[in-house]
Amino acid sequence: MKILTSLGLLSVFIFVLSACTLGLDQDNSITLFTQRHYDTDQELFDLFTEQTGIAVNVVSAGGDELMNRLETEGEDTAADVLLMADVGRLHLATERGLLQPVSSPTLSENIPANFREPQGYWFGLTKRARIIVYHPDRVSMSELSTYQALTEPQWEGRVVTRTSTNLYSQSFTASMIAVYGEEEARTFVRGLVANLAHAPRGNDRDQAKQVMNGEADVAIMNTYYMGRMLNSADPFEREVAETLALFFPNQETTGTHVNLSAAGVTRHANNVEGAIQFIEFLSGTEAQGLFASANFEYPVNEAVEIDPLVASWGSFKPQEINLALLGVHARQAVIIMDEEGWE
Ligand code: FE
């Protein structure tokens, strides 16, 4: 009887063991929550699957929506990796306890220390600059200098940018708080709002199109959209990018605002190892070349060359702040924009 019981237990044990083994084999996938909205990313995820056998289930949505979902789903979430096109949001996700720290010598080697969270909660993967795009028939480069200069009277009714609900606008304003303090950031926002050509509308590309159409003379927008439009299937977008010129503001002062796309492993990830492997892959030389150049961004991995088109825009001095501050000041940025009438 005792022997039978032992045998019974043993077979149960073997059954459980093989189920676990099978489970591990079947769990050759990760689920990615991504806020990045660029079709070129999918090709890279496919390459990762090809190389590792790990499938990537992609869930795309807005940044705040993904964070709320992670919070609501808690331990039951399918998400292993959170990827955002705004490093401020990664900071907030860390604060909300939605991520877990991971350590990886590969990530430490591939990503410079100022582009990753010191404890390993998030890792920057691509870099973008928020610049001034202008119509060279109506603006000469010598008239441009800083973001703040756009608040001067000669720019009245000539500036366009995104709404204040947009994460890029929020991180941009947060960076002004980080660099100049709250009062100066508020003065800047007030002056910018006063000089807007019309209530903000449309995405980054639309800002450039509004300049092209003569609705405004300068736009504040991200660098890579100029590259994307130049390579667009839409002839008007190509014309916009070919006609307009870009300018890196604050080069003589505090530097141009930069933001990162960054990723972290979720707190309740089922496949932590797969998640780390995925982020390591994205930070590696092969992926960085594709990841950054497919969307005309700057790679964070210094061993990787900048895309020739991006390089043709020239080098620039970025704001030298800890990029986690974009998250630290995010709420205050929204309050200031709201109070100063940035729609
Ligand atoms: Fe974007």
Side-chain angles (χ1 to χ4, degrees), residues 23 27 29-38 41-42 45 48 54-104 107 111 115-126 128 162-175 177-178 203 259-280 282-283 322-338:
D27 192 24
S29 71
I30 57 162
T31 296
L32 170 70
F33 275 14
T34 179
Q35 185 226 332
R36 277 175 62 96
H37 49 94
Y38 320 114
D41 284 8
Q42 186 57 49
F45 304 157
F48 171 74
I54 302 173
V56 183
N57 311 314
V58 180
V59 177
S60 303
D64 290 329
E65 194 184 332
L66 290 173
M67 286 200 288
N68 289 339
R69 205 172 141 179
L70 272 178
E71 197 161 76
T72 312
E73 291 174 351
E75 288 180 15
D76 299 328
T77 190
D80 298 293
V81 178
L82 179 65
L83 175 61
M84 299 275 207
D86 172 68
V87 69
R89 282 312 185 270
L90 261 305
H91 172 84
L92 294 178
T94 307
E95 265 192 353
R96 285 166 71 173
L98 303 174
L99 301 174
Q100 62 172 293
V102 295
S103 81
S104 147
L107 290 174
I111 305 169
F115 296 144
R116 53 185 157 83
E117 203 282 329
Q119 288 170 278
Y121 280 98
W122 52 256
F123 300 89
L125 294 167
T126 65
R128 57 275 295 282
R162 301 281 297 259
T163 64
S164 62
T165 55
N166 173 253
L167 297 187
Y168 301 152
S169 297
Q170 294 175 9
S171 278
F172 173 57
T173 303
S175 83
I177 299 175
N203 57 26
N259 202 336
L260 299 175
S261 274
V265 178
T266 63
R267 181 173 177 186
H268 299 293
N270 296 309
N271 188 354
V272 174
E273 255 171 55
I276 295 173
Q277 240 181 300
F278 178 69
I279 301 174
E280 285 175 347
L282 292 179
S283 73
N322 179 336
L323 289 170
L325 291 175
L326 303 183
V328 172
H329 297 300
R331 283 184 203 94
Q332 196 55 29
V334 172
I335 291 170
I336 288 177
M337 289 191 286
D338 187 50

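Heavy-atom contacts from other residues, nucleotides or ligands closer than 6.0 Å to CD of E95 number more than 12. Around CZ of R96, the count of heavy atoms belonging to other residues, nucleotides or ligands within 6.0 Å exceeds 12.
Here the side chains of L90 and L99 are in contact, with some heavy-atom distance below 4.5 Å. Here the side chains of V59 and R69 are in contact, with some heavy-atom distance below 4.5 Å. Counting heavy atoms from C-beta outward, I177 and I336 have side chains that approach closer than 4.5 Å. The closest side-chain heavy-atom distance from L92 to R331 is below 4.5 Å. Looking at heavy atoms from C-beta onward, V272 lies in side-chain contact with Q100 at the 4.5 angstrom threshold. Within the 4.5 Å cutoff, no side-chain heavy atoms of N322 are placed close to those of V328.
Applying the side-chain contact (heavy atoms from CB on, under 4.5 Å) test to T77 and every residue at least two apart in sequence or in another chain returns F33, L70, E73, A79, H268. Remark: Y38 pairs with R128, Y168, Y224 by the side-chain hydrogen bond (donor to acceptor under 3.5 Å, both in side chains) rule, at least two apart or across chains. In terms of the side-chain contact (heavy atoms from CB on, under 4.5 Å) criterion, residue partners of D64 (sequence neighbours excluded) are, by chain and number, M67, R89, L167. Scanning for side-chain contact (heavy atoms from CB on, under 4.5 Å) contacts around V56 gives I30, L32, F45, F48, T49, V58, F278, with sequence neighbours left out. Listed by chain and residue number, nothing satisfies the salt bridge (Lys or Arg N to Asp or Glu O under 4.0 Å) test with R267 (two or more places apart in sequence, or in another chain). Residues satisfying the side-chain contact (heavy atoms from CB on, under 4.5 Å) test with N57, not counting sequence neighbours, are S29, T31.
Taking OH of Y121 as the start and NE2 of H91 as the end, the distance is 12.0 Å to the nearest 0.5 Å. I111 contributes atom CD1, which lies 6.5 Å from atom CZ of F123 (distance to the nearest 0.5 angstrom). With values rounded to the nearest 0.5 angstrom, Q170 atom CD is found 8.0 Å from T163 atom OG1. Rounding to the nearest 0.5 Å gives a distance of 9.5 Å between CG of L107 and CG of L282. Separation of atoms CZ (F172) and CG (N166) is listed at 12.0 Å; rounding is to 0.5 Å.
A donor-acceptor pair is defined here as one N or O able to donate and one able to accept, closer than 3.5 Å; such a pair exists between the side chain of D80 and the backbone of N270. No donor-acceptor pair under 3.5 Å is formed between the side chain of S261 and the backbone N or O of L125.
For A85 against R36, the heavy-atom pair with the smallest separation is CB-CG, 3.9 Å. Contact record, S169 with S164: CB-CA, 4.2 Å, taken as the closest heavy-atom pair. Between A275 and V81, the shortest heavy-atom distance links the atoms CB-CG2, 3.5 Å. Here the closest heavy-atom approach between residue L66 and residue Q35 is recorded as CD1-N, 3.7 Å. Closest heavy-atom contact between G274 and I54: CA-CD1, 4.1 Å. G124 approaches L260 most closely through the heavy-atom pair CA-CD1, 3.9 Å.
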Evaluate the side chain to side chain donor-acceptor pair (under 3.5 Å) criterion for residues S104 and E280: first the C-alpha distance (whole Å), next the side-chain angles of each, then the deciding distance (0.1 Å), finally the verdict.
CA-CA 8 Å; S104 147; E280 285 175 347; 2.7 Å; yes

Q332 vs V334, test: side-chain contact (heavy atoms from CB on, under 4.5 Å). Steps then yes/no.
CA-CA 5 Å; Q332 196 55 29; V334 172; over 6 Å; no

